[in-house]
Amino acid sequence: MFPFSFEWIWDMSHMVFHGGLWYALSIIGLGMTYCILKSVVDTVQGKGGDGHH
Amino acid sequence: MSTVKAKDDGAGGFIILFFILGFVASMILGWIVFPKLLYSQKEQPFNFDHAIHMDMVGACESCHFFRDDGTFSGIPKLAQCIDCHQDVQGFTKDEEIFVNEYVRNYREVPWLIYSEQPDCVYFSHSAHVLSGGMECKTCHGPIAETETSRPYEYNRITGYSRDIWGKSMLGLKKNPWDRMKMDDCAECHRENGVKQNSAQTHKGACFVCHK
Amino acid sequence: MNIARRSFLAFLIGGAAGTALSPLPWKLTDDLSIWTQTWPWTPVPPDGEYSYVNSVCTLCPGGCGITVRKVDNRAVKIEGMAGHPVNDGGICILGASGLQLLYGPRRVKAPMRRVGERGEGKWETISWDEAIAAAAEKLEGIRSAGNPQGVACMVGDRYGTVPSLFERFMTAYGSPNFMSDAAIEDSYRITLNLMHGKNAIPGFDAGNADFVVSFGSGVIEGWGSPVRMFLAHGKWKDENKTLVQVEPRLSNTAAKADKWVAVQPGTEAVLALSMAYVIIKENLYDKSFVAENAAAFEDWRDDEGKTYPGFKTFVLNGFSPADASKVTGVDPSLIVSLARSFAGAEKPLALCGRGKGNTPGSLHEFMAVHALNGLVGAINRPGGVWAIDVPDYVTWPKPGLDEAARAGLEKPRVDGADGGAYPYTESIISGFADGVNSGSAGYGVEALLVSGANPLYTLRDAQAVRKAFDSIGFVVSFSSYMDETAAQADLILPNHTYLERRQDVPAPFGLNMPVIGMSRPVVPPQFDTRQVGDSLMGIARKMGGSVGDAFGWESYEACLKETMGAAWETLEKDGILVKADYAPEGWGEAFNTPSKKFQFFTGAYRHGENKDLMSQMKIEGEAADFPLILIPYDSMRLASGPVADTPFMAKTIEEDVLIHDDVYVQVNPATAASLNLREGKVAELTTPVGKARVRVHLSEGIGEGVIALPTGLGHWANSKYIAGKGVNVNRLMSPVADPVSGLDAAWGIRAKLARA
Amino acid sequence: MKKAQEHTAPKKYGMVIDLDKCTGCGACMAACMAENNVPFREDETDKNLSITWLRVYKLTNGKKFPNADVCYLPRPCMHCEGHHGHSPCVSVCPATATDYSYDTGIVSQIYTRCFGCRYCMAACPYHVRYFNWWDPVWPEGMEKMLSPNVSVRTRGVVEKCSFCFHRYQIAMEKVRYEGRAELAEDEYQTACTQACPANAITFGDLNNHDHAVYKLKTHPDAFRLLERLGTNPKVYYISSREWVRRQGDNYLENEGKVVAKAH
Amino acid sequence: MDTALIPEGRKRCPLWQFVLFIAVVGAVLLWGVYAMILCWLKGLNQTNMNNAYGFALWIWADLAVIALGGGAFFSGFLKYIIGKDELKNLINYAVIIGFICYSSALLILAIDIGQPLRGWFIFWHANVHSMLTEVAFCLSCYFAVLTIEFIPLILENRQIDKVRFFHNLSHNMHHIMAVFAATGAFLSFFHQGSLGGVAGVLFARPFGFREGVLIWPWTFFLFTWSAAACGPCFTILITKITEKVTRKKLVKDNVIELLAKISGWMLLTYIVAKIIDTWYWAVVTAPEAGFTMMDFYSNNPLYGLWILFLEIVLGGIVPALILITPAGRKNKATLLLATVLAVIGVCVNRWVMVLQVLAVPVMPFESWFMYAPSWQEVATTILPLAYGAILIAIAHRYLPIFPQEPELNPVEQQAG
């Protein structure tokens, strides 16, 4: 899974497979990080529902 | 910034403080308390002075020798020690323990082996020492120069010697003998082009080191 | 949300972040998986120095050389000894798993005395002194009460120092009732006695034969010295030699044979004689051998002038292929072609003794088959049958007998092996139970010593044997294992196993050269056991008097060393003593019959010549009540002697032999259909002596009306790996005494099978 | 490392089993179990739950009495080469617990790596792979006969025949000690080969002209199991009986015999 | 507390009914959990699997729920990528069903392996040539995506939504949901396919083996396609069942019909491809391995041609024809029938590709391997159903899953 693990080889199939994997993981990770950070900022800036209906 | 926020609703500071508290507490737990709990120590049956023996016998192979079938003898058996130690040889307490408790009773000394590999590992000393021309020190470190036996540390969960996984919790090593994990063997095998014939990994085939 | 709650949440999140950045979760995950590599309850075999010890396997009479691989002081593997004259590196399944007997859970770990009811399994461990004293006291009591003949003894093997010590003990003690386990060897010995006039055991130069006809012998199922026969079989295949198997069932040997002749069970002798008919009729026999070295081929006259029909007349008068075909079910043309090929071969060889040969057989059959060998001259020549003198190295002076002993030895034997009815037979172990139960000897049996045998399992009509045992007040077992007989004993003086003791292993059965092997301690005794020779000598010495005096040796080992004399050193060094330059005796010395020639059996055999050889050897049961014939079959994967299957062997029992605890009975599909039985169905198998639950296995390897059960199952006292599985076929069969030898000649029993 | 590495020709260890000689006695199975610390249980009659690295199959010709015939077929791991080492099992293992070595042609199985998904078992058409459904348990005292050369497997992992690779390792120790470069043919033999009382099994390097297997594999009656599936097994069988050879593979009704191709 | 959590403007059953339902289904769940714990503690000997049957009921259940959970990725694909906006009324539920299916699949995998503590080796020591590795990676990643898609729904709970941060988080996540959905669709395409590849690459198992392109056997594509076709049917089916149980209409007919129509065309094209695949396999692939097609469907007590008929005709052609006909999908009864048949069809397909593959004897001297699951296997297979029912019940009660619900079920008087 990582370049330092024993099973890792720099060949086509590994690059395609892990390329896809890390691509997906990055999108998920970056997407969520973005959402959380943006929400923190939004919250700090007082945006969104006031929370006290 | 935090003071500004604290002014805002008075909670931000507390929240950050508690976040840091939680963070630091768990870091202490993970980096300091956990290793202490994970590893336990045992003392060797008695102290063994490698240095003094080296002076007497001259080489590692004198005691840790190869048998005629090519297998490695490992830690010497009592029978071998008796050659010199029929009687008390010096005046140390360790010598006394050895002769009185073991030699006289024909009891093997239950040495704890720092470099004991797990049961799944096949390791050939002849391949490394005879064919590979490696020095003992490369893997075992400067143990020949030691005058005292350090405590044997083992992992409470796995039961394995700490020397296998290494001292560093980060898994770092400065010397080749600091760690004896699969990756360490693999690294050296790769550098030296030893049997890099696996269909799956194009590296060492599993049966080179596993049984 | 209030501040406290938010702070707590922040604390948790901080904690989670910190934990993730610390080694704790990762190292824990890793270590837990490493923990599963070898769980604390998984044994890790310690490594050590490797060494190899050569010895001899005594688990069967095969006498194979073994090399035991050791790691420090643990024996870890038994392998065949390369270069050994018997097995040359090969090993059988039982031998290969012998360590499971050594280290197995059914070892008797110390001398034990029964405390509960017999067979209840309640024992107390006692010291060796106590055990020896207990046995000596009891035996002394019986002796001083004037009934020394009321002590019987059963041993497994017949030859060698240990059986001889028992025999000596019985003699000095004053009992005629010394018995040994019987097998085809006994029938062959009588055959050679009658036809060669020699006290000899047969040797088969099987590897050099080129056309072998086996009359039911399990050449590759454990007959003779098993591994040696496997090697011979392999050689036949390599050299395109022919094997013909005459057998009612498609055994492994039949399957491997070049030709399987499916014969009606029990009619093998008829087929052999019919082959002789063809050979004589067509003048195919070895004329020079018959003319120069054989007697009673033609009609002959005895000293008193009475004329007897010769073999030729006998055969030509009743064994034409057409007649034989009616009895044997074998096509006449097949008999003819078989006889022609046999006689036409360069080195033909005929074998007999069913299956592994664990039970003796009909002497007529043995003699008929041996006569075939005589006809083609396959006697004492390469590729033929050789008469090898019985091992004679035990040459102790006779023990001194006191009054009691002399009186006891005068008494008749319990098993009926007395001069009158069965003059050629030394002991008839299968007749013992009947003798005890009927009281035919005129005295009661009060004590029984058992060594190397497991009669409660291996003897037929187990119910009768059990009844006899129950009536015997004192049973001493010398077994290393808690086998069926040991479990029913009163006192156990456990022997070392064969891997812990030193003992001579005389001539493996069937080997065509005299060989003595020596088994020796591969590992030190694992438990508080003793070499049986020492135990027996201990008892004798404790008894004192002339019994004690008969055993002057310091120890068993001293006795062995003295007995072996000059051979000792070689045996110690090589573990084997081979007479490598052995050749069969020249024609001048080969036969010790009255004619000094090979006697065709009408001449050799003077008792009951009018026996009808055309009829099948009668087995128990009437066809009206029991329409089927049950035959036992042997398999290498099922140890059927005194020692039971090891756990490894139990693993290899085939799926069409055993399922869970049920044994499969082999039934021809047509037979099964007529009984409305289908594959796998539970059925009740009934014979005149017992009944059992079995499952039906349809097999085209067996003829209609015949059913077959494996031997070696149905143990009840052994380890859980084999006990309680299947049925002991000996429990369903009864022994049938051969009219000449008195030995058990039953090859089957009538039976019926019904849905359960 | 100071000395140069051994540079020897790649080996391809394989086996030729003469079914005419095999008697079905089972000695190979017991020898294998003893050699390889194979566990045993109270009831081993369900062969689908029983671990026998080497299993002796019983083949029948399907004919009626007295023309019925039986042949025994010992089946170790075939150590399939597949296509360039991609045997059916090796490529499917998700955790790289099983591997093919170009150096010896042996398919390895690492018990401590295997996490028991059993995909390899599904992939293997020969059923050579066995799962440890139970914890192995030795009756007290019997663990003494365990060999240190083969690790004891725990519950939940797959195991299989290794062609007794530890014997190769042990033999190599001696070779190295004596400073030789090559292993002699008889120095490395599997436990079953050594035990076989009928000498039915021949083991050696299929690449080596001097080894007995090299010639035997080209015997006109030689065949391999399920050869046409492309598994490229390294175990060859010899049988003089046509019906046995035909049971070595699947054939359509009107198809002739597919001749064995030696690789 | 209960009423405060219920979304505004929606009517829910009385609390006691809800609790009773949870209790009853919970009992079944506990039974399954007990069996699961047995398997973990005592090992897989608790099952009736054996060395010939290394894959059994669980793996089938695994493949089946993933196929059925395919409704999530395909609806997401249709809504976010293709732009079928009506599907927003069903997408939430599709996500929840998908979440249940995928979490169940992961749980089953965790029970099914012999050494659960080493389960992570599949990631760490990954062998990329193994279809199972691909399955594991894509499955886990896609499960992460489903979780991400599920989170905003949870955050929409009345009480949680009051927290400003969560409100913002929910909003922000919705905002970029298309990115996640696209990633999910990408992952889903591969893992559905790789599940198909699991049996398809077994070149020594002639029943399962298929030729294909590059590393992918045809089953790779067929599995993705069939999941895309039958997953939505399952979503429709569960929606219909939910409507039945809650005695409310939750989604408008046009939404259902749209999905049904797409599903129908997918199913039709799939089944045509499947027939071609089967034909080619029967005529070319299998004979090359020495088998006739009938070798796979005779001489055993279970597997006959009927199973092919059930899968292809009843579970494929019939529902496809119903769903592509406007009258068929408009009629409630035939629509329901079609979805049930499609679900059965895809389940049968997964069964065949897992269990029949192992049942077929490959060595000519072997006979068929048959297997029946143990109660522990049945219990652990039912466990996800119980867990799914509970999760759906809770989600439906406390989350505004169906946007059209208030419109379709106006509440006369707002509950206090």
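What you are looking at is a predicted structure, and each value in this text was computed from that prediction instead of being measured. Note on naming: letters A, B, ... go to the chains in the order of the sequence lines (proteins, then strands), and numbering restarts at 1 for each one.
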Chemist: Could you check which of D:K58, D:R113, D:Q247 has the highest count of heavy-atom pairs closer than 4.5 Å to chain E?
Modeler: D:R113

Chemist: Counting only non-hydrogen atoms closer than 4.5 Å, does D:L225 touch chain E with its backbone (N, CA, C, O), its side chain (CB onward), both, or neither?
Modeler: side chain

Chemist: With a 4.5 angstrom heavy-atom cut-off, could you sort out which part of E:E288 is near chain D: side chain, backbone, both or neither?
Modeler: backbone

Chemist: Between E:T292 and D:E253, is any side-chain donor less than 3.5 angstrom from a side-chain acceptor?
Modeler: no

Chemist: When rounded to the nearest 0.5 angstrom, what is the spacing between OH in D:Y130 and CG in E:N50?
Modeler: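 So the gap between those two atoms works out to 11.5 Å.
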
Chemist: Taking side chain as everything from C-beta outward and backbone as N, CA, C, O, which of these in E:L44 sits under 4.5 Å from a heavy atom of chain D? Side chain, backbone, both or neither.
Modeler: both

Chemist: Could you have a look at E:G290, E:A289, E:G54, E:A126 and say which one has the most heavy-atom pairs with chain D under 4.5 angstrom?
Modeler: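 Between E:G290, E:A289, E:G54, E:A126, the count favours E:G290.
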
Chemist: Between D:T60 and chain E, which part of the residue has a heavy atom less than 4.5 Å away: side chain, backbone, both or neither?
Modeler: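 Neither part, no heavy atoms under 4.5 Å.
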
Chemist: D:K21: which residues meet the salt bridge (charged side-chain N to carboxylate O under 4.0 Å, His left out) condition with it, sequence neighbours left out?
Modeler: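 With sequence neighbours excluded, D:K21 shows a salt bridge (charged side-chain N to carboxylate O under 4.0 Å, His left out) to C:D238, given in chain and number order.
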
Chemist: Verify, without hydrogens or angle tests, whether E:Q115 (side chain) and D:R155 (backbone) share a donor-acceptor contact under 3.5 angstrom.
Modeler: yes

Chemist: Where does D:R129 contact chain E at under 4.5 Å (heavy atoms): side chain, backbone, both or neither?
Modeler: backbone

Chemist: Taking it one step at a time, do D:H127 and E:F369 satisfy ring-ring contact (aromatic ring centres under 6.0 Å, His included)?
Modeler: CA-CA 12 Å; D:H127 302 293; E:F369 297 96; 4.9 Å; yes

Chemist: Which answer fits D:Y57, side chain, backbone, both or neither, if we ask what part of it has an atom under 4.5 Å from a heavy atom of chain E?
Modeler: side chain

Chemist: Kindly indicate whether the side chain of D:D249, heavy atoms from C-beta on, has any atom under 4.5 Å from the side chain of E:M363.
Modeler: no

Chemist: Has E:W279 got more than 12 heavy atoms of other residues, nucleotides or ligands less than 6.0 Å from its CH2?
Modeler: no

Chemist: Side chains of D:Y119 and E:F55: does their closest heavy-atom pair fall under 4.5 Å?
Modeler: yes

Chemist: Looking at E:V357, E:V198, E:L117, which has the largest count of heavy-atom pairs under 4.5 Å with chain D?
Modeler: E:V198

Chemist: Counting only non-hydrogen atoms closer than 4.5 Å, does E:P206 touch chain D with its backbone (N, CA, C, O), its side chain (CB onward), both, or neither?
Modeler: side chain

Chemist: For the candidates D:C80, D:C114, D:C120, which exhibits the highest count of non-hydrogen atom pairs separated by less than 4.5 Å from chain E?
Modeler: D:C114

Chemist: Measuring heavy-atom distances to chain D, does E:I113 have an atom under 4.5 Å in its side chain, in its backbone, in both, or in neither?
Modeler: both

Chemist: Does some side-chain heavy atom of D:N48 sit less than 4.5 Å from a side-chain heavy atom of E:Y53?
Modeler: no

Chemist: So how far is it from E:F291 CZ to D:R228 CZ, rounded to the nearest 0.5 Å?
Modeler: 9.0 Å

Chemist: Could you give the distance from CG (E:D112) to SG (D:C117), rounded to the nearest 0.5 Å?
Modeler: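 One gets 8.5 Å once the value is rounded to the nearest 0.5 Å.
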
Chemist: Can you measure from CG (E:D295) to CG (D:N250) and round to the nearest 0.5 angstrom?
Modeler: 7.5 Å

Chemist: Write out, in numerical order, the residues from residues 86-102 of chain D with a heavy atom short of 4.5 Å from a heavy atom in chain E.
Modeler: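 From residues 86-102 of chain D, the residues near chain E are D:H86, D:S87, D:P88, D:V90, D:S91, D:V92, D:C93, D:P94, D:A95, D:T96.
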
Chemist: Taking the side chain as every heavy atom from C-beta outward, state whether D:T231 and E:F203 have any pair of such atoms under 4.5 Å apart.
Modeler: yes

Chemist: Side chain, backbone, both or neither: which part of D:C124 has a non-hydrogen atom closer than 4.5 Å to chain E?
Modeler: backbone

Chemist: With respect to chain D, which residue among E:E134, E:K42, E:M49 yields the maximal number of heavy-atom pairs within a distance under 4.5 Å?
Modeler: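 Of the candidates given, the most pairs with chain D belong to E:M49.
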
Chemist: Please rank D:G62, D:A122, D:A123 by heavy-atom pairs under 4.5 Å with chain E and give me the top one.
Modeler: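 The residue among D:G62, D:A122, D:A123 with the greatest pair count is D:A122.
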
Chemist: Are D:V157 and E:R118 close enough that some pair of their side-chain heavy atoms sits under 4.5 Å apart?
Modeler: yes

Chemist: Under a 3.5 Å cutoff, is there a donor and acceptor pairing between the side chains of D:W133 and E:N51?
Modeler: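 Indeed, the side chains of D:W133 and E:N51 share at least one donor-acceptor pair under 3.5 Å.
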
